[in-house]
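First up is the structure itself, then whatever we jot down about it.
Atoms within a ligand are numbered from 1 in the order they appear, just like the ligands themselves.
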Amino acid sequence: MSISDKKRYERPMIKKMEAGVPNKFGLRSEYTPMQEIDGVSIKQLLKDYGTPVFVLSETTIRSTFQKAKKAFTTRYPKVQFAWSYKTNYLDAVCKVFHQEGSWAEVVSGFEYDKAINNGVSGKKIIFNGPDKTENDLVKAINNESLIHIDHLDELYLLIEIADKLNVRPKVAIRVNMDTGVYPMWDRFGFNYENGQAWDAINKIMRSGKMELMGLHTHIGTFMLSPNAYAIAASKLADLAISLEQKYNHKVKYIDMGGGFASKNTLKGAYLPGTDTNPSFDDFAESITTALLNANFKSDEMPLLILETGRALIDEAGYLLGTVIANKRASTGKRLTIMDIGVNILFTAFWYDHKITPAQPFTHYTEETAIYGPLCMNIDVIRENINLPLLNKGDNMVVHYVGAYNMTQWMQFITLRPKVVLIDTNGTPHVIRENETNETITSLEKTPQHLSSFNL
Ligand SMILES: *Cc1c(COP(=O)(O)O)cnc(C)c1O
């Protein structure tokens with residue numbers, strides 16, 4: 001036995017019972033340390049790329065995607081995924097999805113250009129979002145992208161551009177609706193129940209200036225109810241069939257948006273998300289059954305598009321960090337301070353992230369609060385977690401962080417870390433460098449009169 005294998009000594013102690021929130025596994029959630037990702041040592045990753053560091057598993061991205069794809073293609077004849085750029089738009093990540101056959105789903109001019117620069121053909125870009133500028137629209141029309149209209153002002157602007165440039169935009173409308181899940185998302189697109197969606201369809205069809213390609217909805221995010229998707233799919237199918245009756249026009253696709261829950265655990269949930277959240281099969285069953293039951297002719301089933309984001313990437317992402325210090329709150333509660341703050345773990349506001357020590361530990365656990373390094377009271381990673389004791393310099397793995405953290409992260413107080421992708425052969429690649437002072441100050445300009453001072 002080498003010195004490093006030796007069990008760590010902990011002095012015996014008597015401890016008052018503390019009532020944590022029990023789950024069906026008891027109070028303890030972690031039994032073994034996590035020491036590698038896809039065969040790569042976590043300690044080595046931290047040594048090579050610094051702490052904290054985001055790590056993505058290409059193997060997990062691909063296998064999760066294939067699982068999702070299979071859930072739909074085994075149930076429905078025509079399926080197309082479009083990668084939601086805002087969920088994680090690092091080019092390397094987008095390209096893994098494009099290699100798997102995903103189109104691009106973008107919600108801004110910035111994301112649109114990113115997809116074009118990644119080599120996605122304009123025809124395979126779905127352009128959502130309320131803020132498309134005239135320039136964005138002209139570019140998208142010329143590239144024959146699929147423009148999903150959000151509001152009437154956009155619809156009229158498209159008619160104006162179509163007239164001016166003598167072009168025929170390919171469009172869909174975004175529809176919002178009551179799916180039995182509240183609060184209802186009704187700020188995007190046109191409402192189904194109150195007739196707005198029909199107003200938009202009539203305006204498009206009667207103008208004769210646009211090609212109505214599809215119907216789109218995105219009913220919410222981190223949805224835990226597959227049935228909500230069944231309701232949404234039936235409503236879009238109804239619209240499509242009525243549209244055919246009224247105008248003898250068939251839409252080519254029905255786009256069900258994103259929103260499937262990932263394996264994360266929402267704050268306040270009683271059981272871990274890995275046990276309770278619906279699977280791809282559950283969502284696929286609801287959506288495809290609704291479409292198969294609708295009155296489409298067999299040879300005229302619309303293409304089913306899915307813009308799944310978080311459920312495809314959350315599990316592939318890890319955030320590795322280091323314990324800075326331990327202290328006690330005035331109540332005696334153990335506080336552990338890590339070098340991971342909410343500036344890079346934005347999703348800590350919604351999730352109780354699973355956290356695992358990255359080195360062997362002893363059996364003793366204690367109710368602990370995990371704080372980040374920012375000088376801010378809201379910098380809380382876990383308010384309450386039962387963890388083995390961690391010492392200064394120990395490492396931890398935060399799980400399921402692949403979605404949104406690398407797009408919503410903030411440069412606040414400190415700099416953003418590297419992002420590393422472990423490829424399917426187990427080789428790590430830096431896919432985004434860490435920021436430096438120079439990254440930030442290169443954007444700043446100091447007026448001449450502020451260039452010097454005497455203290
Ligand atoms: C954000 C978004 C998605 C992806 O949503 P997830 O909840 O990450 O699956 C898909 N479509 C649209 C229009 C979006 O805005």
Nearest to atom 7 (O) of ligand 1, what protein heavy atom do you find, and at what distance? T221 OG1, 2.5 Å
Ligand-side contact atoms (ligand 1) for residue partner E307, heavy atom cut-off under 4.0 Å: 3 (C), 4 (C), 10 (C), 11 (N), 12 (C), 13 (C)
Per atom 6 (P) of ligand 1, closest listed option by heavy atom (G259, A311, G257): G259
In ligand 1, which numbered atoms sit nearer than 4.0 Å to a non-hydrogen atom of Y404? 1 (C), 4 (C), 5 (O), 6 (P), 7 (O), 8 (O)
If we only count N/O pairs under 3.5 Å, is R310 in contact with ligand 1? yes
Are the aromatic ring centres of W185 and H218 under 6.0 angstrom apart? yes
Would you say ligand 1 has an N or O under 3.5 Å from any N or O of G309? yes
For K418, does the NZ atom sit with more than 12 other heavy atoms under 6.0 Å from it, leaving out its own atoms? yes
Closest heavy-atom pair, D178 versus I231, reported as atoms and distance to 0.1 Å, is O-CG2, 3.8 Å
Exercise: do N202 and K246 side chains pair donor with acceptor under 3.5 Å: yes
Check: L345 and H353 side chains under 4.5 Å, non-hydrogen atoms: yes
Restricting to heavy atoms, the pick from H218, M256, M223 nearest atom 3 (C) of ligand 1 would be H218
Would you say H148 touches ligand 1, if touching means a heavy atom closer than 4.0 Å? no
Geometric cation-pi criterion, K267 with Y351: 6.0 Å, 45°: no
If we number the atoms of ligand 1 from 1 as shown, the ones under 4.0 Å from a heavy atom of R174 are 13 (C)
Atoms in ligand 1 with a heavy atom of K86 nearer than 4.0 Å: 1 (C), 2 (C), 3 (C), 14 (C), 15 (O)
Do the ring centers of F54 and W409 come within less than 6.0 Å of each other? yes
Minimum distance, heavy atoms only, to atom 13 (C) of ligand 1: which one of N88, T87, N128 is it? N128
Side-chain heavy-atom pair N343, I413 within 4.5 angstrom cut-off: no
